[in-house]
Protein chains: 2
Amino acid sequence: MKQTATPASDDGLKLSAWLPYRLFLVAAQVARPLESFYSETFGLSQAGWRILAVIAERDAANASEIGRACALDPFAVSRGIGQLTELGFAVRRPGKTDRRFAAVSITRSGRTAFNRIAALGSAIEARLLARLSEAERTILDSALTRLEGESARIDAGGWRALLDDAGAP
Amino acid sequence: MKQTATPASDDGLKLSAWLPYRLFLVAAQVARPLESFYSETFGLSQAGWRILAVIAERDAANASEIGRACALDPFAVSRGIGQLTELGFAVRRPGKTDRRFAAVSITRSGRTAFNRIAALGSAIEARLLARLSEAERTILDSALTRLEGESARIDAGGWRALLDDAGAP
DNA sequence: CACATATAATTGCAAAGTGCAAGCATTGAG
DNA sequence: CTCAATGCTTGCACTTTGCAATTATATGTG
């Protein structure tokens, strides 16, 4: 007599309830409309948009700063900057003191594009925040800060470190 | 006389404080070690892992159910299932009543693999949750549920709908 | 100064992943 | 029986990504 008692997983991991997947899902669903906007409108890639957002809030930045600020490896940064300069949204100027560091800055038209994308981005964020109470926003903010820190450590440690943790409690 | 008053963005969007980016960042950082584990160990792709997780918690599923459950389009599902069957982690059997729906189920070795990956996944989740208080976990859980719903609506509406919202308050 | 070594960034290319048109198999309506 | 609809798969062009090698610049050493 087959009962539905154990159709399921031995380990208690249910994808739809697994925190990382839930975070990913919200981020992915919300990124999609934004991405189709800036790719259709400006021909911008995801890396391009992230870099644009970074240089929009700085006078000038070199590639590694940018990479650190938006979690992109040097290759992606280099290509993204290439795209932005082709579109006329950024300029590269050789660094003043050390010319290995090229200073990347946003142009006027880059800023215009950024503002248009940012308006959409802010609208999205507003829609999300509208579903939370003031108290929840505060808690989410502080919780996310800690999760960012912990996830960075998890990433840095690699998977072997994770198993060691679990193995030696 | 240049002062640092406005080196920054006109619109108030700071990438590192923008909710969708923050969610993405945690999800991405935490996914990386897991991904290198299952790809090194089993040669599994991200889609493959997601599908494996879905069929681990069901007796059998057809491709569209799987797609819905893990946010994958039909092509990706089909290829993912292909990968899983090649690895011997899943089997396809023609559906009983309607043979257009092939029933996909996990195999014994698929379950073994799943359990190993899930153990890592749970360890990651535990590390994250350890940084939150009991109260915070409860709030995060309920907040995330609402964010999932809202982000799905945002995604479904597309970017034009977003601008209409903002434009006509 | 010439040279080795280090660092920042870029480029070229192969491998992997993605999107989409077309295809096959099956079903159900007329 | 035929034909449109459905569920899924495949082939192929296109894009993205990962990594080795390269360029350009800077710094340390005899």
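Order of the sequence lines sets the chain letters (A, B, ...), proteins ahead of strands, with each chain counted from 1. Computed over heavy atoms, backbone and side chain alike; hydrogens, waters and symmetry mates excluded.
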*asked:* Under a 4.0 Å threshold between the charged nitrogen and the carboxylate oxygen, would A/R137 count as salt-bridged to A/E125?
replied: no
*asked:* For residues 143-155 of chain B, which residue pairs pass the side chain to side chain donor-acceptor pair (under 3.5 Å) check, not counting sequence neighbours?
replied: A/R22-B/T145, A/R22-B/E148, A/Q29-B/S151, A/R32-B/D155, A/R127-B/E150, A/E136-B/R146, B/S142-B/R146, B/E150-B/R153
*Could you note down all residue pairs passing side chain to side chain donor-acceptor pair (under 3.5 Å) where residues 72-92 of chain B supplies at least one of them, sequence neighbours left out?*
B/S45-B/Q83
For nucleotides 13-16 of chain D, which of its nitrogen or oxygen atoms have a protein nitrogen or oxygen under 3.5 Å away, and what is each distance?
none

*Could you identify which residues of residues 20-29 of chain B place a heavy atom less than 4.0 Å from some atom of DNA chain C, listed by residue number, or say none?*
none
*In residues 63-85 of chain A, which residues come under 4.0 Å of DNA chain C by heavy atom?*
A/A63, A/S64, A/F75, A/S78, A/R79
What pairs of nitrogen or oxygen atoms, one from the protein and one from nucleotides 23-30 of chain C, lie under 3.5 Å apart?
residue, atom, partner, partner atom, Å
C/dT27, OP1, B/T97, O, 3.4
C/dT27, OP1, B/R99, N, 3.2

Kindly write out the residues that satisfy side chain to side chain donor-acceptor pair (under 3.5 Å) with [X], not counting sequence neighbours, or none if the list is empty.
| X | result |
| --- | --- |
| B/T138 | none |
| B/R93 | none |
| A/S39 | none |
| B/S36 | none |

_Under-4.0 Å side-chain N/O to phosphate OP1/OP2 contact, A/N62 with C/dA8_ = no
*Taking CD from A/E40 and P from C/dG19, how many angstroms apart are they, rounded to a whole number?*
14 Å
*Any side-chain heavy atom of A/T41 within less than 4.5 Å of one from A/I117?*
no
*asked:* Please tell me whether B/L87 and B/L52 are part of a single hydrophobic cluster in this structure, the criterion being side-chain heavy atoms less than 4.5 Å apart.
replied: yes
_side chain to side chain contact (heavy atoms under 4.5 Å, CB included) evaluation trace for A/L162 with B/I124_ = CA-CA 7 Å; A/L162 280 161; B/I124 289 171; 3.5 Å; yes
*asked:* Over 60° means perpendicular and under 30° means parallel, so tell me whether A/F42 and A/F89 are parallel, tilted or perpendicular.
replied: perpendicular
*Considering only Ile, Leu, Val, Met, Phe, Trp and Tyr, and joining two whenever side-chain heavy atoms are under 4.5 Å apart, list the other residues clustered with A/F101.*
none
_Residues forming a side chain to side chain contact (heavy atoms under 4.5 Å, CB included) with B/A27, sequence neighbours excluded_ = A/L23, A/F24
